[in-house]
Amino acid sequence: MRRLLRSSVRGRGPQVRRLAAWSLLQTLPAFLSGLLVARAIDDGFLAGRTLTGFGWLGLLALSVLAGGWATRQTFLRLADIVEPFRDELIARTVHGALRRSTQTAALADSASVARLTQQVEIVREAYASVLLVVQGFIVTAVGALLGLLTLAPVMLVLVLPPLAVGLGLFALALPGMATRQRTSILADELLAETAAGTVAGAMRDVAACGAEEQVTAMIGEPIDAQAHATRELARFTALRTVAVAIGGLLPMLLILIAGRWLLQHGASTGAILGALTYIAQGVHPALQTLVRGLGNTGLWLFVTLARIVEETEAPADTQATERLWPPQPRGHDVLLRNVTFSYGPTSEPVIDNLDLVIAEGEHLAVIGPSGAGKSTLAALIAGLLEPQHGAVLLGGAAVAELDATTTARCRTLIPQQAYVFAATLRENLAYLRPDAPDAMIDDAVDRLGARTLIQRLGGPGAELDPHALSAGERQLLTLVRSYISPARLVILDEATCHLDPAAEARVERAFADRDGSLIVIAHRISSALRARRVLLLDAGHALQGTHDDLLLRSALYRDLVGRWGAPPPRRTPPRSSPAGADHSHAPRGSNARPTTPLARTSRHANS
Ligand SMILES: Nc1ncnc2c1ncn2[C@@H]1O[C@H](COP(=O)(O)OP(=O)(O)O)[C@@H](O)[C@H]1O
Ligand SMILES: [Mg+2]
């Protein structure tokens, strides 16, 4: 970064020399101010020659005008240095992005170029203002000190040491301030990300799930870190004020205290007032501007420039991994490879070494006794749980590593406990796709058979009272919401358990016809009969096949189904069976009720 700043002046000799020349003219009013005030007092006002006094002051006014013109010129000369520096930074940024994209064969990261160019603009402004402040201070300080030397050299003894101490103190504090400023900015960003980004957008869910404590713990840490960083920064800001007081105010105090002694040693009243003018009008404000400028803008320059350097100089491979992070799924194939999951380090695995592929567009039913791990499997596929061994991939990316927005866009998991909230019906239905057009909502409502319910509740604009709904009604609304969502992978975890069999069949068929994949954790055997493929889970182990396969191969499956008497094996898989056809596969017999909940079946019934 230093190299970069140094290179901004190196090779620009002529521009720098021109700037120095105009700066010299700029020192004129600073140099003359004290001298002319001293003259106006000693030779004019104190000597009874008021007109002469005004004459000297008039000269001072003229010198200020000349100084103003010189200031205008230095502004232009500063631009000669700042603008090429900006161009150089932009060139670096674009060059860096191109280099990375050619080295990694990844797409050129145009977003990072846009972000960096914006940062370059910040640097440009900050750099110009820092140069201006430093140049202004040098001009004023040099002018004032030369003036003091001319006026009464003895006064330098009172001014120089405190000024040096003040400047030294500030210089010592500057690196610490820079570090703390950076920490404070990073803490701010982290807090904005967790509090504003994650939590603020999910307040309703946090309240609904009673997760206040967890969320407090989650954002408590960044809040503490940010408070700490701010306190540290404030401490250094106080040091800044002390530096200005020592460098700018103490000299004035010393001159006042030593006034009598100065008069006795040959200094005139005019000289004392002239010296005070140098400090009060020149050195003190210039020091204040310098400290404030370097302490604020200068630190921004430092922090932003450091970021640009980091981003443009980072090795290509880390840049590439950063850009590929978080990973993006390609498609919606689900792949489980050797997945083992247990809830505790010593507890038996709920899912044991499971391999499973669910191709995009597939319809899979998962069945098994209560406690077999069906919900656990659903949570693993949805990325809500992470396996201890093996991998769960969605579109080739580890699902637990996707960022929340991507996961939400790709899949939706509807649990047994439906969650509706106090808002309008429409807000509830379009929760996962807030910009859903009315036609899309209407279509979903009709397909899932929710029209009567919606009408009874007063239409999409009506306010919803969650407590006034039955469990089945809540479930139906949640199902419509998921149907509307953009997710192409839908996981129904006994999400239809409160619907009657006909309504359940209608919902499942609608989801099966919807674009994408469907995983149904079956609550009734009819769900398994509707799916092309069935996964039977038991005590961590899994068996897959068609309904007919499983009838042949698994005693547990026969038992689960056999509560109603097993239907004979069939040759054709029941893909897209027409409405009402389910019952053709349904078991027959006196208590042949294909809709009896599976959950009542014991998990050890096959032993
Ligand atoms: N959060 C949890 N902590 C500890 N054990 C759990 C937790 N959730 C489920 N289990 C246990 O894991 C096993 C599988 O549960 P689950 O996946 O809910 O089964 P299913 O959905 O098939 O009824 C059960 O023995 C259950 O007690
Ligand atoms: Mg379950």
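Each ligand, and each atom within it, is numbered from 1 in the order the structure gives.
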Heavy atom of G368 under 4.0 Å from ligand 1? no

Any N/O of K374 closer than 3.5 Å to an N/O of ligand 1? yes

In ligand 1, which numbered atoms sit nearer than 4.0 Å to a non-hydrogen atom of T376? 14 (C), 15 (O), 16 (P), 17 (O)

Is there at least one pair of N or O atoms, one from V350 and one from ligand 1, spaced under 3.5 Å apart? no

Scan side-chain atoms only and decide if E508 and S527 contain a donor-acceptor pair under the 3.5 Å cut-off. yes

Would the H363 and F511 ring centres measure less than 6.0 Å apart? no

Which one of L394, L336, T376, V366 satisfies the side-chain contact (heavy atoms from CB on, under 4.5 Å) criterion with I381? L336

Is the distance between the Mg ion (ligand 2) and the nearest N/O/S atom of S375 smaller than 2.8 Å? yes

For ligand 1, which atoms have a heavy atom of S370 less than 4.0 angstrom away? 23 (O)

Is there a donor-acceptor contact under 3.5 Å linking the side chains of T452 and Q455? no

Distance only, no hydrogens: is a donor on one side chain within 3.5 Å (strictly under) of an acceptor on the other, for D205 and Y419? yes

